[in-house]
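Just below is one structure, and these are the notes that go with it.
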Amino acid sequence: MSEFKAKLKNNQNLGNLIALVILIVFVSLMNGAFLQPTNLLNLMRQLIINGFIALGMTFVILTGGIDLSVGSTLAITSAVFAGLLQNGIGTLPAILIALVIGFGLGLINGILITKGKLAPFIVTLATMTIFRGLTLVYTEGRPIPGPKEDFLFKFLGKGTVFGIPFPVILFAIVFIILWIILNKTPFGRKIYAVGGNEKASFISGINIDKVKTWVYIISALMAVLSGLVLTSRLNSAQPTAGTAYEMDAIAAVVLGGTSMSGGSGSLTGTLIGILILGVLNNGLNLLGVSSFYQQIVKGIVILVAVLIDRKRNK
């Protein structure tokens with residue numbers, strides 16, 4: 001059975017990879033500027049923002065859950081991060097504090113879902129609203145500018161190493177760490193087990209509450225990383241930052257072949273989904289398609305991906 005699932009996963013990834021190549025070829029033929037180095041660098045930077053969140057969302061969806069609060073988590077932690085920098089706190093301590101806050105927000109989601117026995121959709125919908133409200137209260141609805149002469153702050157979102165944007169390198173490191181956790185550790189196997197059959201997992205002795213709590217913590221931490229990079233790129237923390245980011249993340253995860261019912265999927269598939277969504281957005285921008293129509297296209301893509309997932313799991 002495990003061999004069959006592995007083959008199915010590989011076939012899904014191959015199919016998605018072929019779709020990505022076809023999309024790249026199509027966009028390149030429609031607009032030659034797509035393959036220009038400047039555009040490709042911009043594309044990589046844009047991918048990272050959604051990329052971190054999508055990686056964390058993969059862990060949550062693999063357990064059969066959902067996290068709608070990631071955009072608001074990004075907003076509140078990046079606002080606190082920028083506020084700390086304004087008050088003279090160093091960049092590194094401010095990053096650590098933001099990560100600790102993100103850990104706490106993920107923990108709140110996990111506890112409400114596991115101990116409160118509430119549906120993930122309801123919990124994260126509520127915390128999405130609460131965290132966004134806290135952001136608006138903290139910022140008073142105004143952007144918080146970042147420091148002008150802080151090298152580490154600027155490097156976080158705009159730095160390069162041998163011509164490669166630092167956020168891309170950071171994303172690659174995080175991806176490898178999460179891939180190892182998901183595929184090479186007992187915790188990763190427990191995530192798949194919980195998502196595949198929660199009742200059987202409980203009987204086999206898996207601490208389901210612990211597993212679920214940790215995946216929401218991971219999701220929140222990924223949202224924090226995304227917020228830190230975004231704040232550095234924009235040189236400010238926006239009170240509306242992260243709005244609707246959860247939808248792009250869910251879309252990337254579903255496009256990557258992760259089942260919304262849990263128990264099936266991979267980070268490699270999510271990476272391909274991130275690339276598909278990023279190329280699609282970038283291509284539509286290059287082709288001059290209105291942002292209004294872009295929303296329609298993305299919505300259709302999500303619907304198609306969910307329908308394919310439903311058919312695949314029948």
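Numbers for residues simply follow the sequence, beginning at 1.
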[X] side chain vs [Y] backbone, donor-acceptor pair below 3.5 Å:
X: Asn183; Y: Trp179; result: yes
X: Asn42; Y: Thr38; result: yes
X: Tyr216; Y: Leu105; result: no
X: Arg233; Y: Leu156; result: no
X: Ser232; Y: Gly157; result: yes
X: Lys158; Y: Phe153; result: no
X: Thr135; Y: Ile76; result: yes
X: Ser226; Y: Ile49; result: yes
X: Asn282; Y: Phe34; result: no
X: Ser204; Y: Ser201; result: yes

Taking C-beta and beyond as the side chain, do [X] and [Y] meet within less than 4.5 Å on heavy atoms?
X: Leu178; Y: Phe59; answer: yes
X: Met260; Y: Ile66; answer: yes
X: Leu230; Y: Ser78; answer: no
X: Ser236; Y: Gln238; answer: yes
X: Val215; Y: Ile191; answer: yes
X: Glu246; Y: Thr124; answer: no
X: Leu182; Y: Leu62; answer: yes
X: Asn16; Y: Leu20; answer: no

Can you name the closest pair of heavy atoms from [X] and [Y] and give their distance?
X: Ile113; Y: Pro120; answer: CD1-CA, 3.8 Å
X: Leu41; Y: Gly163; answer: CD2-O, 4.1 Å
X: Gly263; Y: Tyr192; answer: O-CD2, 3.5 Å
X: Leu74; Y: Gly227; answer: CG-CA, 3.5 Å
X: Ala220; Y: Gly102; answer: CB-O, 3.2 Å

So, taking the atom named [atom1] in [X] and the one named [atom2] in [Y], what distance separates them when rounded to the nearest 0.5 Å?
X: Ile274; Y: Ile48; atom1: CD1; atom2: CD1; answer: 8.0 Å
X: Ile144; Y: Thr231; atom1: CD1; atom2: OG1; answer: 9.0 Å
X: Asn31; Y: Phe26; atom1: CG; atom2: CZ; answer: 11.0 Å
X: Tyr245; Y: Asp248; atom1: OH; atom2: CG; answer: 8.5 Å
X: Thr127; Y: Asp67; atom1: OG1; atom2: CG; answer: 6.5 Å
X: Asn285; Y: Gln46; atom1: CG; atom2: CD; answer: 7.0 Å

Would [X] and [Y] show up in the same hydrophobic cluster when neighbours are defined by side-chain heavy atoms closer than 4.5 Å?
X: Leu303; Y: Met57; value: no
X: Leu29; Y: Leu287; value: no
X: Ile164; Y: Ile173; value: yes
X: Val21; Y: Leu271; value: no
X: Ile177; Y: Ile180; value: yes

Do the side-chain N and O atoms of Thr268 and Ser266 include a donor-acceptor pair separated by under 3.5 angstrom?
no
N/O donor to acceptor pairs below 3.5 angstrom from side-chain atoms of residues 80-90, sequence neighbours left out:
from, atom 1, to, atom 2, distance (Å)
Asn87, ND2, Gly83, O, 2.9

If you count the non-hydrogen atoms of other residues, nucleotides and ligands that lie under 6.0 Å from CZ in Phe187, is the total more than 12?
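Atom CZ in Phe187 is crowded, with more than 12 foreign heavy atoms closer than 6.0 Å.
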Leu99 vs Thr77, side chain to side chain contact (heavy atoms under 4.5 Å, CB included): CA-CA, chis, key distance, verdict:
CA-CA 8 Å; Leu99 288 170; Thr77 53; over 6 Å; no
Taken in chain and number order and not counting sequence neighbours, the residues that satisfy salt bridge (Lys or Arg N to Asp or Glu O under 4.0 Å) with Asp209 are Lys115
Between Phe155 and Phe166, what is the ring plane arrangement, given parallel below 30°, perpendicular above 60°, and tilted in between?
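Rings of Phe155 and Phe166: tilted, as their planes differ by 30° to 60°.
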Apart from Leu152 itself, what residues make up its hydrophobic cluster when side-chain heavy atoms of I, L, V, M, F, W and Y under 4.5 Å apart count as a link, directly or indirectly?
Leu92
Side chain to side chain contact (heavy atoms under 4.5 Å, CB included), that's the test. Do Val224 and Leu228 meet it? Break it down for me.
CA-CA 6 Å; Val224 175; Leu228 296 177; 4.2 Å; yes
Could you walk me through whether Leu125 and Phe121 pass the side chain to side chain contact (heavy atoms under 4.5 Å, CB included) check?
CA-CA 6 Å; Leu125 179 63; Phe121 180 88; 4.1 Å; yes
Leu47 vs Val168, side chain to side chain contact (heavy atoms under 4.5 Å, CB included): CA-CA, chis, key distance, verdict
CA-CA 9 Å; Leu47 289 173; Val168 175; over 6 Å; no
